[in-house]
Protein chains: 4
Amino acid sequence: MCPKIIDKKVKKQDILEAAINVFAQQGIPNTKMIDIAVKAGIGKGTIYEYFRSKEELIKEAFRSYIVKLDKAAVHKMEEADHPIDKLCNIIDGWMGVIETSYEESKVMIDFWAQGLRLNRVIEEFNLKEIYHNYRTLLSGIIKQGISREKIHPVDPNLMASVIIATLDGIVLHWIIGKEFFDLKDAVELFKKSTIDPLRKI
Amino acid sequence: MCPKIIDKKVKKQDILEAAINVFAQQGIPNTKMIDIAVKAGIGKGTIYEYFRSKEELIKEAFRSYIVKLDKAAVHKMEEADHPIDKLCNIIDGWMGVIETSYEESKVMIDFWAQGLRLNRVIEEFNLKEIYHNYRTLLSGIIKQGISREKIHPVDPNLMASVIIATLDGIVLHWIIGKEFFDLKDAVELFKKSTIDPLRKI
Amino acid sequence: MCPKIIDKKVKKQDILEAAINVFAQQGIPNTKMIDIAVKAGIGKGTIYEYFRSKEELIKEAFRSYIVKLDKAAVHKMEEADHPIDKLCNIIDGWMGVIETSYEESKVMIDFWAQGLRLNRVIEEFNLKEIYHNYRTLLSGIIKQGISREKIHPVDPNLMASVIIATLDGIVLHWIIGKEFFDLKDAVELFKKSTIDPLRKI
Amino acid sequence: MCPKIIDKKVKKQDILEAAINVFAQQGIPNTKMIDIAVKAGIGKGTIYEYFRSKEELIKEAFRSYIVKLDKAAVHKMEEADHPIDKLCNIIDGWMGVIETSYEESKVMIDFWAQGLRLNRVIEEFNLKEIYHNYRTLLSGIIKQGISREKIHPVDPNLMASVIIATLDGIVLHWIIGKEFFDLKDAVELFKKSTIDPLRKI
DNA sequence: AATGAATGAGATTTCATTCAT
DNA sequence: GATGAATGAAATCTCATTCAT
């Protein structure tokens, strides 16, 4: 139909993936536009045909990465019935993505650092919003589980916050030193200690 | 006796504190030497009387911050007897520092991002080492607790890792959005779900 | 075929010539990168597309200048048969370059001063080596002349050293004050007193 | 009588000698005021009690060095009767100073480079003038020798110029690489080829 | 008189961005 | 549409000089 448009989209995605890759490897502030161009196998100027600026590129890279995580999580979630299983599936979805792409996952820390300073100004790169959506997703499941008597009463918002925090904490420390503990073991320990006990029936 | 030496140390610490402050506010990569100088109320050249380079300053700021956290944690730890109480006291020590300095705590995320890229080369700014020391501290307490039958058998290293990860995760998300949950509540929830059940007697 | 490569080479040479020019006029240590850029009619950032650093530029300027002198000398030398004539031709070749570019020749003094401190570390800017090559060239001609009985026996190395030294001395003082003596007259006096008497047949 | 004044003079000379030393070792442009202070064993600020600025210090160091050379030369000159011997004595005087202080002699090259750019503006550091004085000294001796029929007729000014040029050339190349020839041998070769033949009776 | 901590003008260098080809 | 040469704003860092002690 419109091959040009498809081409453009593909190439844009290629650049984004190259960018995420280099961001993860070198850190966002250390990454020069030329590095991304080289990684993507294109000319330096070409990036600007697809992104207005480095900041724009960072924001889109972030979005692209989040979307990827989302897909994995949401996909898994659907398969479960009991809210606890839903939670576990979401967790497994997220962690699955992280586990299969250690190097790439490093970019999360840069996104956190970047996002912290951009919150106020920019909507497209809003850590708060994104994590609040996750929180809402989880607390919704928990809330429903409580009202359906499948989960022991807890503060759904707090529990959701702790789940997200713990997972990101585990990711952070696994990235800092993957040789010190096994990602899956840590997640299982967390699930056993914090998620499973919530189960009522 | 040697007023000059004391003066120099004090001024160096002043600069470090100004730096940490600005780093936390603006992010390390966005922070210019002149910003630190202005914050410290000195000329930009003066910084170089105390630190060889920006990188050196960052590393020392990191160290200085870690030492601060350490002091708070170790101080609290001593007061307890039962290993579970020791763990809780360490946790409370860390979280106490974080809670009383929200703005400053933001710098942690920059340190994580920075540290990730510097690990290989530099020893003074070694996230891996620092966290491994924490891990060893906690797992030592746990191990001892198990052998003294005060703690249920668990993998001490994994448990230590999860504790550290969870705390940092909570800190991370509290920094991203402190309005969404209460730091203390989250920590208490974590202690209740994960630490307390370890207690044997 | 490859117009870009040729362009780059030409532009690099342009920058080098601008640099030598400004170095000669102002002295190397007084020359700022911006001065060279202005002289070359480009932006200061552009220099760094062609040279990694100021030091690199200095070294290449030095080399470029030496090559120029070499060409002139070697060219002339070939034309002679008797070793004394060869020596005289080399001398005339060198002095010809110097004489036709008084202003530019000033750069030699800066190169001497620079080269003195860089010898130890760097090979590309090795005064010792360059002058030793000249010495070898001249002493070779003298040695051959002696063995072929065309030149009276002298220490070839010492004679070569004195020739080079005298020429550079004359250049030095002509640069310091060209109004005090005529370059050619001085060179002729030197040839008559020192070179000519070497001739056997 | 006035110990303070004497003290001041001595200390000033100490600083000058330290400066010449460091200038020779590192090159004038690479020498920081602090280097000189350290070498002289005094505080950085103290230099400014004796010299208005770095430039002033350079100029006085130059003068101090020249005076030293002068003394040695003039002293020797007096001892001779025949103008050729006078010339030789002056030459020996100069070269004697050079030979006994290889490291320090390097500073000459820096003085040449510096002097070249300062000629126009400043009188205290006037290479042209200084060397013209030398030229006048030598050409005066030669002129007198010619009129007294002790020296073959030559252009006194040109001969004086060539003598000075050759000596400085030999010094230059001996400094660049003292291992390649013997200073005295070179000077003797020069005297034999150029000075001695001037002798009439 | 002597000092060295403080300073900021000024130098080098980097790199996101532009734009002619 | 793609490119990379050119650019200059802006950053880091140096160091001669000042001045309070």
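By convention in this document, chain letters (A, B, ...) are assigned in the order of the sequence lines, proteins followed by strands, and residues within each chain are numbered from 1.
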### Message
Using whole Å, what does the distance between atom C1' of nucleotide F:dA5 and atom NZ of C:K12 come to?
### Response
15 Å
## Note on the structure
In whole angstroms, the gap separating P of F:dT12 from CZ of B:F51 amounts to 15 Å
### Task
Hey, which sits more toward the 5' end of DNA chain F by its nearest nucleotide, A:T46 or D:I34?
A:T46
### Task
Tell me, please, which residues at least two apart from A:E17 pass salt bridge (Lys or Arg N to Asp or Glu O under 4.0 Å).
none
Which atom pairs, donor and acceptor, lie under 3.5 Å between side-chain atoms of residues 34-44 of chain B and protein residues at least two apart or in another chain?
unit_1	atom_1	unit_2	atom_2	d
B:D35	OD2	B:K32	N	2.9

### Task
Indicate, with a heavy-atom threshold strictly under 4.0 Å, whether B:Y50 touches base, sugar-phosphate, or nothing.
sugar-phosphate
### Message
Checking contacts here: which listed nucleotide (E:dA5, F:dC13, F:dT17) is nearest the side-chain heavy atoms of B:S53?
### Response
F:dC13
### Task
List for me each residue that meets salt bridge (Lys or Arg N to Asp or Glu O under 4.0 Å) alongside D:K54, sequence neighbours excluded, and say none if there are none.
none
### Message
Given the ring of B:Y50, does B:K11 sit roughly above its face, with NZ or CZ under 6.0 Å from the centre of the six-membered ring and within 45° of the axis?
### Response
no
Name the pairs: protein N/O against N/O of nucleotides 18-21 of chain E, kept only if under 3.5 Å.
none

### Task
Return the value, rounded to whole Å, for the distance between atom CD1 of C:I36 and atom P of F:dT7.
15 Å
#### Entry: Nearest-0.5 Å distance that lies between atom CG in C:L172 and atom CG in D:L127
8.5 Å
### Task
Before accepting this row, confirm whether a basic side-chain N of the pair C:K12/C:E60 lies closer than 4.0 Å to the acidic partner's carboxylate O.
yes
### Query
Which nucleotide, E:dT3, F:dA6, E:dA16, lies nearest any side-chain atom of C:K11?
F:dA6
### Task
Name all residues meeting the side chain to side chain donor-acceptor pair (under 3.5 Å) criterion together with B:S64; count only those two or more places apart in sequence or in a different chain, and write none if there are none.
B:Q13
### 5' priority, DNA chain E, between D:G41 and A:K32 [closest heavy atom]
D:G41
### Query
Could you state the CG-P distance from B:D14 to E:dA6, rounded to the nearest angstrom?
11 Å
### Task
Please state how far atom CG in B:N30 lies from atom C1' in F:dT12, giving the value in whole angstrom units.
16 Å
### Task
Without swapping roles, check the side chain of D:S53 against the backbone of D:E56 for a donor-acceptor pair under 3.5 Å.
yes
### Summary
Closest of F:dG1, E:dA1, E:dA5 to the B:K8 side chain is E:dA5
### Message
From CD1 of A:I58 over to C1' of E:dT17, roughly how many Å is that when rounded to an integer?
### Response
14 Å
### Task
Please round to 10 degrees the angle between the axis of the first five pairs and the axis of the last five pairs in the helix from E:dA2-F:dT21 to E:dT21-F:dA2.
0°
### Query
Does any non-hydrogen side-chain atom of B:F23 lie less than 4.5 Å from one of B:P29?
no
### Task
Describe the nucleic acid contact of D:I42 in one word from base, sugar-phosphate, nothing, applying a heavy-atom distance below 4.0 Å.
sugar-phosphate
### Query
How many Å lie between CG on C:L57 and P on E:dT13, as a whole number?
10 Å
### Task
Using whole Å, report how far CD1 of D:I47 lies from P of E:dT3.
10 Å
